[in-house]
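Scope of the values below: all heavy atoms of this structure, side chains included, with no hydrogens, waters or symmetry mates. To find a chain, count down the sequence lines: A is the first, B the second, and so on, and within it residues start at 1. Everything numeric here is computed off the predicted structure, so don't read it as measured data.
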Protein chains: 2
Amino acid sequence: MVSIKDIAQRAGVSISTVSYALNGSSKVTEETAARIIKIAEELNYVPHAAARSLKKRQSNIIGIFLTDFSGNFYGDLLQGVKEGLQGKGYDLIVCSGLQSHRMIPERMIDGAIILDETFADEELLQYANQGHKLVVLDRELIHPNINQVLLDNKAGASLAMDYLLEQGHDKIYVVSGPKGSYDVKQRMHAVEQVVDRSPHLEYIEISGDFTKASGEAAAKQIVDEYTRPVAVFCLNDEMAIGIYNYISNHTSLLIGDHVHLIGFDNIEIAQYVQPRLATIDYSNRKWGALASEQLLKLITGKSVDHERMYVTLVRGASVN
Amino acid sequence: MVSIKDIAQRAGVSISTVSYALNGSSKVTEETAARIIKIAEELNYVPHAAARSLKKRQSNIIGIFLTDFSGNFYGDLLQGVKEGLQGKGYDLIVCSGLQSHRMIPERMIDGAIILDETFADEELLQYANQGHKLVVLDRELIHPNINQVLLDNKAGASLAMDYLLEQGHDKIYVVSGPKGSYDVKQRMHAVEQVVDRSPHLEYIEISGDFTKASGEAAAKQIVDEYTRPVAVFCLNDEMAIGIYNYISNHTSLLIGDHVHLIGFDNIEIAQYVQPRLATIDYSNRKWGALASEQLLKLITGKSVDHERMYVTLVRGASVN
DNA sequence: GAAGTGAATCGAAACGTTTCTATTAGACAA
DNA sequence: TTGTCTAATAGAAACGTTTCGATTCACTTC
């Protein structure tokens with residue numbers, strides 16, 4: 001592999017001159033610079049990322065961490081992050097899995113966006129204490145090196161509950177999500193608030209884990225207990241899809257008729273199932289863009305403000 | 001940041017001893033090793049990835065390159081790759097965009113899986129010539145440092161065409177994909193073969209680019225020309241979904257009735273649209289696993305064989 | 001014409017590792 | 001006692017950069 005040293009030799013200059021020339025420093029004459037750059041191109045020179053980041057103490061890479069790659073969730077978010085980083089001199093890498101946590105302390109990346117339950121709060125705080133810059137999307141964490149862009153979960157859950165209430169229900173099944181999840185806590189909290197202020201309303205919590213399979217399990221329970229039309233609020237769309245699957249494969253009940261169903265996230269499938277799934281919408285793309293924007297501010301030492309992602313109700317024939 | 005040097009100082013040994021101890025070399029006494037490791041833990045030591053990979057000339061990271069993050073395509077593939085790498089000492093990063101190509105020549109990764117049209121063949125061959133190990137999923141490329149795991153596109157396209165033929169069609173619209181794409185060429189080639197051997201069959205090519213939008217545009221053309229029930233083969237499901245969108249929003253025609261439609265890829269949405277989209281199926285997860293397996297073989301110098309991904313027909317009410 | 005100035009270039013140290021070679025100190029044999 | 005061997009440890013070079021400080025040399029300036 002050709003290094004700066006080879007170029008120096010061929011050009012008859014010192015390696016420092018080559019480095020300056022290649023980095024566009026004004027310390028070197030235009031003509032020598034041009035000559036050096038030409039030689040570099042001829043030799044097909046490419047800088048060695050590890051060497052450079054060892055010396056410069058930065059890699060110009062930022063990482064986004066996801067719990068897993070499957071699911072219909074991430075495409076637009078990643079696209080948003082990528083766009084937010086466009087032209088800022090940073091490259092994006094996507095990581096998943098416990099193994100990959102090491103990228104942060106091993107200083108392979110200059111900053112991280114976290115949407116990954118497999119990180120513990122303490123772990124993240126430790127990284128932040130070591131000077132790493134983080135943006136968290138799935139928890140609340142106060143630290144000078146951490147910023148957060150959170151969904152307005154409470155507003156979303158309230159919207160969903162109110163929509164079901166409009167239909168005159170007095171009993172609502174709520175299919176929850178992973179226990180530790182911040183989003184779940186927030187959403188459940190809002191559910192309870194709605195119930196508290198509605199005299200004749202009760203809710204039944206069915207525990208889920210945000211997967212389709214757990215949606216199917218929930219559906220089974222709901223169907224087994226079925227006596228009259230019911231309302232169901234799934235804390236995410238993925239589980240709602242599971243409910244569609246179960247209901248249509250194992251029963252003759254109809255969604256939107258016997259089972260009034262609303263989800264959360266507005267994943268793409270939501271608009272293709274019959275009847276259309278009512279849900280809570282927000283722009284994943286914007287979320288990603290906001291996150292990367294905040295992270296760049298953190299890295300460059302600019303002041304940051306805690307942004308919030310607003311949500312809206314998407315009505316659908318799965319309710320009413 | 002604490003380095004090996006700090007540990008050495010604190011333990012009263014040389015840095016080489018620390019390095020040996022931390023790497024589990026048998027050159028150092030068990031007790032000193034234990035002592036050093038304890039200190040390292042106390043100090044919260046983490047190796048500096050860049051320094052290590054500069055010296056060792058490898059990063060223990062492999063990268064997968066995708067054209068873009070959006071689309072309903074990649075989840076399972078990535079999951080498969082990740083699983084294939086499990087416990088092999090390599091971490092996975094996902095990259096997208098022209099910018100990120102640099103990861104390869106800058107030696108940030110030890111190998112790459114390519115499913116990304118933004119790489120030119122020559123570019124990849126150049127990398128291979130420089131000793132980089134690659135597995136390509138979207139083209140045919142012969143080189144000792146390149147392996148390929150390709151879809152059986154021809155079989156898939158033939159299956160799709162034959163399925164439509166079974167319904168008695170004598171005219172088939174084929175919505176194609178990006179011009180340069182290997183998969184598209186293969187599929188179109190198979191289409192032509194089927195047409196050649198079927199006396200009374202003609203096909204009309206509509207150019208597409210694998211996006212939903214281009215599916216909608218194709219649908220418009222098909223609808224404008226509509227006189228009697230037609231058959232449509234979309235070279236991927238994404239465009240087929242575009243056709244669903246257009247037909248249901250702008251016409252009173254019915255898919256499966258007036259328009260017999262089949263796609264390719266069996267994306268998740270295909271099973272939720274009404275009527276179910278007929279398509280060509282293969283396991284993305286397996287594809288990814290195979291790819292990573294081949295890449296590891298390439299990296300460790302084992303002999304490789306060119307694997308192939310087989311496909312099957314998924315019947316659906318969108319045809320017939 | 002000597003001293004000073006500034007631009008261009010060079011040399012060397014440093015970043016944090018790994019690993020080759022050298023040193024040290026016991027253990028053992030003669 | 002002396003020498004040899006071995007196990008443990010230390011020292012130093014190297015990986016490919018960047019960057020600080022030093023050097024050179026052609027010009028001014030007085």
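- Atom CD of B/Gln99 has 12 or fewer neighbouring heavy atoms from other residues, nucleotides or ligands inside a 6.0 Å radius.
- For the helix from C/dG1-D/dC30 to C/dA30-D/dT1, the terminal axes (five pairs an end, C1' atoms, rotation from four pairs onto the next four) enclose an angle of 70°, given to 10 degrees.
- Heavy atoms of other residues, nucleotides or ligands lying less than 6.0 angstrom from NZ of B/Lys297 number more than 12.
- If you measure from atom NZ of A/Lys5 to atom P of C/dC10, you get 16 Å, rounded to the nearest angstrom.
- Computed from coordinates, the A/Tyr20 OH to C/dA7 P distance equals 15 Å when rounded to whole Å.
- Protein chain A contacts DNA chain D from D/dG16 to D/dC20, reading 5' to 3' and using non-hydrogen atoms of the protein with a distance under 4.0 Å.
- Less than 4.0 Å separates DNA chain D from at least one heavy atom of each of the following residues of residues 7-18 of chain B: B/Gly12, B/Val13, B/Ser14, B/Ser16, B/Thr17.
- Legend: residues meeting side chain to side chain donor-acceptor pair (under 3.5 Å) with A/Asp209, ordered by chain and number and at least two apart, are A/Thr211, A/Ser214.
- Residues meeting the salt bridge (Lys or Arg N to Asp or Glu O under 4.0 Å) test with B/Arg107, sequence neighbours left out: none.
- Take B/Ser25 and apply the side-chain contact (heavy atoms from CB on, under 4.5 Å) test, not counting sequence neighbours, and it matches B/Tyr20, B/Lys27.
- Within the nucleic acid shown, A/Ser19 comes within 4.0 Å of at least one base atom, counting heavy atoms only.
- For A/Arg35, the CZ atom is densely surrounded, since the number of other residues' heavy atoms within 6.0 Å is greater than 12.
- Annotation: side-chain contact (heavy atoms from CB on, under 4.5 Å) contacts of A/Glu106 (sequence neighbours excluded): A/Arg102, A/Met108, B/Val46, B/Pro47, B/Ala49.
- For B/Ala112, the side-chain contact (heavy atoms from CB on, under 4.5 Å) partners at least two apart in sequence or on another chain are B/Phe65, B/Ile104, B/Ile109, B/Ile114, B/Leu134.
- Under the ring pair (Phe, Tyr, Trp, His ring centres under 6.0 Å) criterion, B/Tyr282 pairs with B/Trp287, sequence neighbours left out.
- Non-hydrogen atoms lying under 4.0 Å from DNA chain D are contributed by A/Tyr45, A/Val46, A/Pro47, all within residues 24-47 of chain A.
- Scored by the side-chain contact (heavy atoms from CB on, under 4.5 Å) test, B/Gln9 finds no partners at all (sequence neighbours excluded).
- Residues forming a side chain to side chain donor-acceptor pair (under 3.5 Å) with A/Asp116 (at least two apart in sequence, or on another chain): A/Thr118.
- Annotation: B/Lys179, atom NZ; neighbour count of heavy atoms from other residues, nucleotides and ligands within 6.0 Å is above 12.
- With no hydrogens or angles considered, a side-chain donor-acceptor pair links B/Ser59 and B/Asp110 at under 3.5 Å.
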